[in-house]
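Following: one structure in structure tokens, then a few remarks.
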Amino acid sequence: MKLTPQQKTEIQDKIRDIISDYTNLVKGIDNEAHHNEDRAYGGIIRAEKGKLVEEMTARMVQIAWIDVLKQNENRLQINKRKVPINITDRYINRQEPQIRDHLLANKATYRYMFGTDVQVFIDKKLALPIECKAYTENAMLKRILFDAVLTKEAYKVSKYYLVQLESQLGGDYSEQKETTYGSPASHALMSHVDVDLVIITLLKGERDINRPIHKEDFFKKLEPTILENTIEKFATALEPYKL
């Protein structure tokens, strides 16, 4: 769905708040990281950027649900709740007999607790599973796609969302055009999983490791139109849950 001019006006203040928080955090983390004696510089930068993307994403989902779709906020829940991923019978059955017997005897204990960064539930049903990254390159995309497969197995969802601050996937993911064609490597990886991955890039321009955005000279502005487009995507995905 497309936001109407009236809807864009109604959410302007909230979009400005998100941009302000982004600007203040990204411009401030370099100084914070340099003066923190308890944690490594790079670890602080990555953690703060990742947390920022999660927070911005959650706020955009809330705007889409409450301000755009005009739905009851009590029906919306955003969390990181983990669910068990159980061992599969097909895996057990291809083991050698002694190991297979052991796995079968202890099957209930062989599980992995799994969750993604921003899980959006409507009426306690998972509507939007969203992975959040400061940036993504194709080696990381492989793991994200496996998470998407696990999410589909756990929740029976067919779409998985990736919100990244910057892109390092190649192609035109960072150009923010009307139609995104992606990159050859990313499409090749995505073709091997039966889940639709929706990739949203918040900052224009491919990530350059030599021009980090937390350095003043390389800072990138977060544009309101990008946030509006992202909110539109979330509103479209959540529209089937309207009452």
Side-chain angles (χ1 to χ4, degrees), residues 1-30 32 45-46 48-71 73 76 78 117-118 120 122 127-136 159-169 171-182 197-208 211-239 241-242:
M1 64 176 296
K2 287 289 185 181
L3 295 181
T4 66
Q6 176 65 27
Q7 288 171 325
K8 290 182 181 182
T9 300
E10 290 174 353
I11 65 175
Q12 271 185 356
D13 288 345
K14 292 186 177 181
I15 284 180
R16 277 196 290 264
D17 287 344
I18 292 174
I19 292 172
S20 176
D21 290 345
Y22 158 80
T23 302
N24 291 335
L25 187 140
V26 173
K27 287 188 173 183
I29 55 176
D30 187 51
E32 176 190 341
I45 298 294
R46 285 190 297 273
E48 291 298 316
K49 285 183 181 177
K51 183 180 176 183
L52 171 66
V53 180
E54 290 182 20
E55 291 176 348
M56 290 196 300
T57 298
R59 289 163 71 178
M60 285 188 284
V61 168
Q62 291 168 334
I63 293 169
W65 181 250
I66 299 167
D67 299 285
V68 176
L69 297 176
K70 307 297 184 184
Q71 297 299 294
E73 62 182 300
L76 171 72
I78 301 175
D117 293 330
V118 175
V120 181
I122 305 295
L128 292 178
I130 310 172
E131 183 87 6
C132 297
K133 295 292 184 188
Y135 71 92
T136 315
K159 278 191 176 182
Y160 195 81
Y161 289 76
L162 167 62
V163 177
Q164 55 178 357
L165 201 55
E166 293 184 280
S167 178
Q168 202 174 330
L169 295 170
D172 61 352
Y173 286 113
S174 63
E175 294 180 17
Q176 299 168 341
K177 300 177 298 186
E178 186 72 21
T179 300
T180 299
Y181 293 98
L197 181 66
V198 180
I199 299 175
I200 298 170
T201 308
L202 298 178
L203 297 177
K204 195 169 185 178
E206 190 83 353
R207 176 179 182 259
D208 184 341
R211 299 172 66 89
I213 62 171
H214 58 272
K215 298 290 187 179
E216 186 175 357
D217 290 345
F218 311 124
F219 175 78
K220 290 182 181 180
K221 290 177 62 178
L222 180 60
E223 300 293 342
T225 53
I226 301 306
L227 300 186
E228 289 174 1
N229 292 341
T230 304
I231 290 166
E232 284 179 356
K233 288 183 173 69
F234 290 153
T236 299
L238 294 172
E239 196 167 18
Y241 298 89
K242 283 177 62 176

ask   = Are side-chain heavy atoms of W65 and Y241 found at a separation under 4.5 Å?
value = yes
query = Just how far is it from atom CD of Q176 to atom OG1 of T230, taken to the nearest 0.5 Å?
reply = 8.0 Å
Side-chain touch L162/L197, heavy atoms, less than 4.5 angstrom = yes
For Q164 against I199, the heavy-atom pair lying closest together = NE2-CG2, 3.6 Å
ask   = Is S167 close to T136 at the side-chain level, that is, under 4.5 Å between some pair of heavy atoms?
value = no
request  = Take R211 and E166, measure what salt bridge (charged side-chain N to carboxylate O under 4.0 Å, His left out) needs, and give me the verdict at the end.
outcome  = CA-CA 12 Å; R211 299 172 66 89; E166 293 184 280; over 6 Å; no
query = Just how far is it from atom CD of Q62 to atom NZ of K14, taken to the nearest 0.5 Å?
reply = 8.0 Å
query = Side chains of K204 and E223: closer than 4.5 Å at any heavy-atom pair?
reply = no
key: Distance-only side-chain donor-acceptor flag, E131 / Y160, under 3.5 Å   = yes
remark   = In terms of heavy-atom contacts, F219 and Y22 come closest through CZ-CE2, 3.6 Å
query = Stepwise, does the side chain to side chain contact (heavy atoms under 4.5 Å, CB included) test hold for V61 with I130?
reply = CA-CA 10 Å; V61 168; I130 310 172; 4.0 Å; yes
request  = Look only at the side chain of T201 and the backbone of L203, and say whether a donor-acceptor pair between them is shorter than 3.5 Å.
outcome  = no
query = Less than 4.0 Å between a side-chain N and a carboxylate O, is that true for E228 and K2?
reply = no
task = Search all heavy atoms of A134 against all heavy atoms of G50 and return the closest pair with its distance.
result = CB-N, 4.5 Å
ask   = Does NZ belonging to K177 count more than 12 external heavy atoms closer than 6.0 Å?
value = yes
ask   = Quick check: does any side chain N or O of Q7 sit under 3.5 Å from a backbone N or O of T4, one acting as donor and the other as acceptor?
value = yes
message = Applying side chain to side chain contact (heavy atoms under 4.5 Å, CB included) to Y161 and V118, what does each step give before you reach the verdict?
response = CA-CA 10 Å; Y161 289 76; V118 175; over 6 Å; no
key: Exceeds 12 heavy-atom contacts within 6.0 angstrom, atom OH of Y181   = no
key: Exceeds 12 heavy-atom contacts within 6.0 angstrom, atom NZ of K220   = yes
message = Before you tell me yes or no, could you show the steps for I200 and L202 under side chain to side chain contact (heavy atoms under 4.5 Å, CB included), namely the whole-Å CA-CA distance, both residues' side-chain angles and the distance that decides it to 0.1 Å?
response = CA-CA 6 Å; I200 298 170; L202 298 178; 4.2 Å; yes
ask   = Are any of the side-chain heavy atoms of K51 and E54 separated by less than 4.5 Å?
value = no
task = Check whether any side-chain heavy atom of K27 lies under 4.5 Å from a side-chain heavy atom of E216, and answer yes or no.
result = no
ask   = Within 45° of the six-membered ring axis of Y135 and under 6.0 Å from that ring's centre, is NZ or CZ of R207 located there?
value = yes
request  = Go through the steps to decide whether E175 and T180 satisfy the test side chain to side chain contact (heavy atoms under 4.5 Å, CB included), and finish with yes or no.
outcome  = CA-CA 8 Å; E175 294 180 17; T180 299; over 6 Å; no
message = So which atom in G182 and which in D172 form the shortest heavy-atom distance, rounded to 0.1 Å?
response = N-OD1, 2.7 Å
ask   = Below 4.0 angstrom, N of the basic side chain to O of the carboxylate: do R16 and D13 qualify?
value = yes
query = Roughly how far, to the nearest 0.5 Å, is NZ of K49 from CG of L165?
reply = 7.0 Å
ask   = Measuring from L222:CG to S20:OG, what's the distance to the nearest 0.5 Å?
value = 11.0 Å
request  = Write down the atom of A64, the atom of V68, and the distance for their closest heavy-atom approach.
outcome  = O-CB, 3.3 Å
task = Drop me the distance from T236's OG1 to E232's CD, to the nearest 0.5 angstrom.
result = 7.0 Å
task = Kindly compute the distance separating CE (M60) from CD1 (I231), expressed to the nearest 0.5 Å.
result = 6.5 Å
key: Carboxylate-amine/guanidinium proximity below 4.0 Å for R59 and D21   = yes
ask   = Looking at D117 and C132, what are the two nearest heavy atoms and their distance?
value = OD2-N, 2.8 Å
